[in-house]
Amino acid sequence: MALRGFIGVGSGRIQNDVILSRVGESRFFEVPYREIAALDELVLSICSNTYLDLEPLIVIGPNSGPFRVLEGNRRLAAIKVVRDPVLAKRCKISVPQPVSDLVLLSIENILAYRVEKETDAEAFIGFKHINGPHRWDAYAKARFVATWYKRDRDNGLTIDQIARQTGDTNNTIRSYIASIFVLDQAEREGIFSISDRANKGRFAFSHLYTALDRKEYQGYLELEKGWNQEPSDDPIPANAVDKLGQVLRFIYGSKKEGRPGLVESQNPDLANLGKCLASSAATTRLIAGDSLQQALAEIEGSRLFNEALIVASAKLSKVIDLLPRYEGDQSLIGTAREIFARADMIKSYMEKTAEKKQSGN
């Protein structure tokens with residue numbers, strides 16, 4: 001049975017990197033501190049405008065406590081540090097001082113909604129953050145639905161049911177869950193770690209689930225058709241695990257190996273990487289450390305040459321248009337000679353190749 005009501009928020013302390021919020025004499029809300037997003041803006045908002053108790057926390061636990069927060073961790077953490085300067089200092093969070101009595105009064109009692117089972121709150125939380133007003137990024141959404149599916153699939157929960165309850169499409173939820181399982185498999189096997197990726201910014205999870213939906217990646221990783229309909233905990237076959245490590249390092253790079261990620265932009269880099277994975281020669285060049293463009297030249301060399309020649313011609317046309325602006329710099333004459341020599345070499349090679357082809361016909 002779910003219960004809705006106000007609870008009193010008392011003093012707090014940090015214990016094992018967990019914020020514990022005392023409720024009354026013996027009840028506690030438990031909030032994993034390191035998983036909480038930056039609180040500074042929320043703390044500033046509360047101190048400037050008081051706490052607006054518009055939406056209840058969702059908690060789980062027996063009547064006597066302790067309670068664990070399922071939804072509203074950031075809000076509770078912000079309230080805790082506003083109330084407790086010592087806690088704020090230990091958390092390295094700046095709280096505007098002095099905190100007014102009106103602000104403290106607004107966070108003395110906060111609205112909470114208690115559920116008996118996590119599944120009672122799952123659909124609400126999922127909808128709110130997947131297609132509702134407070135959306136998570138793709139990785140957070142995927143991690144949420146994958147955890148939900150993994151926990152309750154043996155009780156009959158299906159991906160279709162999760163999709164209906166969160167308001168998303170079946171294919172999207174299926175891609176999310178399967179990709180998280182692939183990522184977790186790579187972490188367990190020790191062949192990839194998100195923390196080792198070359199880019200320090202937000203984890204580009206969409207690169208992974210988009211790649212795994214493409215035939216080239218599925219073929220390289222030896223995934224069978226329909227592999228993500230009811231994904232297993234280890235979707236990648238044992239004989240293709242090393243290839244998974246390669247693919248993840250190609251996409252995201254590796255700080256330990258000093259290797260940059262090859263996918264700077266999902267379009268066209270992800271598709272081009274897929275083309276390379278479908279070619280053993282191009283894949284070999286990627287493994288050797290060549291750039292994506294160098295590897296792509298193995299399979300699309302003719303097209304790339306044509307495009308490069310046209311671009312070079314266009315740039316030379318621009319130089320010719322700007323010739324009247326040349327001011328007599330002697331060093332640039334050497335550059336012009338190099339361009340002339342290279343153009344002559346390109347012309348000679350193209351003429352010989354064309355003659356050979358003509359004579360062969």
Side-chain angles (χ1 to χ4, degrees), residues 2 35 58 60 68-71 73 115-189 191-194 202-241 243-245 247-248 251-252 263 266 270-271 274:
E35 295 179 6
I58 298 180
I60 188 171
R68 181 163 57 90
V69 176
L70 300 176
E71 175 69 5
N73 283 322
V115 296
E116 290 188 345
K117 305 187 298 294
E118 286 192 38
T119 50
D120 293 339
E122 213 96 67
F124 167 76
I125 296 172
F127 177 80
K128 176 183 175 183
H129 291 296
I130 292 177
N131 273 319
H134 303 287
R135 298 189 182 189
W136 287 322
D137 63 18
Y139 179 63
K141 294 177 187 178
R143 181 60 65 185
F144 175 82
V145 295
T147 300
W148 184 2
Y149 176 70
K150 193 171 184 178
R151 188 187 64 236
D152 293 336
R153 62 186 169 186
D154 290 341
N155 297 323
L157 180 70
T158 66
I159 293 176
D160 290 348
Q161 289 172 331
I162 294 176
R164 284 197 298 271
Q165 292 186 64
T166 56
D168 217 324
T169 66
N170 294 5
N171 288 339
T172 299
I173 296 299
R174 189 166 281 108
S175 292
Y176 280 170
I177 293 172
S179 298
I180 286 291
F181 285 3
V182 168
L183 195 60
D184 287 349
Q185 182 182 3
E187 295 264 5
R188 284 194 303 274
E189 296 284 350
I191 56 175
F192 178 76
S193 171
I194 291 176
R202 177 178 290 183
F203 177 54
F205 179 68
S206 63
H207 291 353
L208 178 59
Y209 70 75
T210 301
L212 291 173
D213 280 342
R214 298 182 69 95
K215 291 180 180 179
E216 305 96 329
Y217 291 86
Q218 292 174 11
Y220 187 72
L221 296 172
E222 302 180 34
L223 290 167
E224 296 181 357
K225 185 177 181 181
W227 70 278
N228 63 355
Q229 294 302 302
E230 293 183 5
S232 68
D233 290 355
D234 295 309
I236 306 299
N239 59 313
V241 165
K243 291 181 178 180
L244 173 61
V247 169
L248 291 170
I251 295 175
Y252 298 110
V263 180
Q266 190 162 301
L270 206 61

> Nearest heavy-atom pair of Tyr139 and Leu183: which atoms, and what distance?
Replying inline: CE1-CD2, 3.9 Å
> Which heavy atom in Ser206 sits nearest to a heavy atom in Gln266, and how many Å separate them?
Replying inline: OG-OE1, 3.3 Å
>> Working note: Lys141 + Ile173, criterion side chain to side chain contact (heavy atoms under 4.5 Å, CB included); need CA distance, chi angles, decisive distance, verdict.
In response: CA-CA 9 Å; Lys141 294 177 187 178; Ile173 296 299; over 6 Å; no
> Looking only at heavy atoms, what is the nearest atom pair of Glu222 and Pro237, with distance?
Replying inline: O-CG, 3.4 Å
> Got a donor-acceptor contact below 3.5 angstrom from the Glu187 side chain to the Ile194 backbone?
Replying inline: yes
> With side chains defined as the heavy atoms from C-beta onward, is the minimum distance between Leu221 and Val182 less than 4.5 Å?
Replying inline: no
>> For a quick test of reading the model, state the closest non-hydrogen atom pair linking Leu248 to Ala186 and the distance between them.
In response: CD1-CB, 3.5 Å
> Is there a donor-acceptor contact under 3.5 Å from the side chain of Tyr220 to the main chain of Val247?
Replying inline: no
> Going through the checks in order, is the salt bridge (charged side-chain N to carboxylate O under 4.0 Å, His left out) test met by Arg143 and Asp184?
Replying inline: CA-CA 10 Å; Arg143 181 60 65 185; Asp184 287 349; 3.0 Å; yes
> Does the side chain of Phe205 reach to within under 4.5 Å of the side chain of Ile180, using non-hydrogen atoms?
Replying inline: yes
> Quick one: are Val263 and Tyr252 in side-chain contact, heavy atoms under 4.5 Å?
Replying inline: no
> Are the aromatic rings of Phe144 and Tyr176 close, with centres under 6.0 Å apart?
Replying inline: no
> Would Thr147 and Lys150 satisfy side chain to side chain contact (heavy atoms under 4.5 Å, CB included), going step by step from the backbone distance to the final call?
Replying inline: CA-CA 5 Å; Thr147 300; Lys150 193 171 184 178; 5.9 Å; no
> Can you tell me how far CG of Leu270 sits from OH of Tyr217, rounded to the nearest 0.5 angstrom?
Replying inline: 4.0 Å
>> Quick one about Thr172 and Ser175 (side-chain donor to acceptor, distance below 3.5 Å, no hydrogens or angles considered), yes or no?
In response: no
> Run the side chain to side chain contact (heavy atoms under 4.5 Å, CB included) check on Ile159 and Ile177 step by step: do they pass?
Replying inline: CA-CA 9 Å; Ile159 293 176; Ile177 293 172; 3.9 Å; yes
> Hey, what do you get for CD1 (Ile236) to NZ (Lys243), rounding to the nearest 0.5 Å?
Replying inline: 11.0 Å
> Of the non-hydrogen atoms in Glu189 and Val241, which two are nearest, and what is the gap between them?
Replying inline: CG-CG1, 3.9 Å
Extract all donor-acceptor atom pairs below 3.5 Å that involve side chains of residues 228-235 and protein atoms in other chains or at least two apart in sequence.
{"from": "Ser232", "atom 1": "OG", "to": "Asp234", "atom 2": "N", "distance (Å)": "3.4"}
{"from": "Ser232", "atom 1": "OG", "to": "Asp234", "atom 2": "O", "distance (Å)": "3.2"}
{"from": "Asp233", "atom 1": "OD1", "to": "Arg153", "atom 2": "NH1", "distance (Å)": "3.2"}
{"from": "Asp233", "atom 1": "OD1", "to": "Arg153", "atom 2": "NH2", "distance (Å)": "2.6"}
{"from": "Asp233", "atom 1": "OD2", "to": "Arg153", "atom 2": "NH2", "distance (Å)": "3.2"}
{"from": "Asp234", "atom 1": "OD1", "to": "Arg188", "atom 2": "NH2", "distance (Å)": "2.4"}

> Are any non-hydrogen side-chain atoms of Tyr209 and Leu212 less than 4.5 angstrom apart?
Replying inline: no
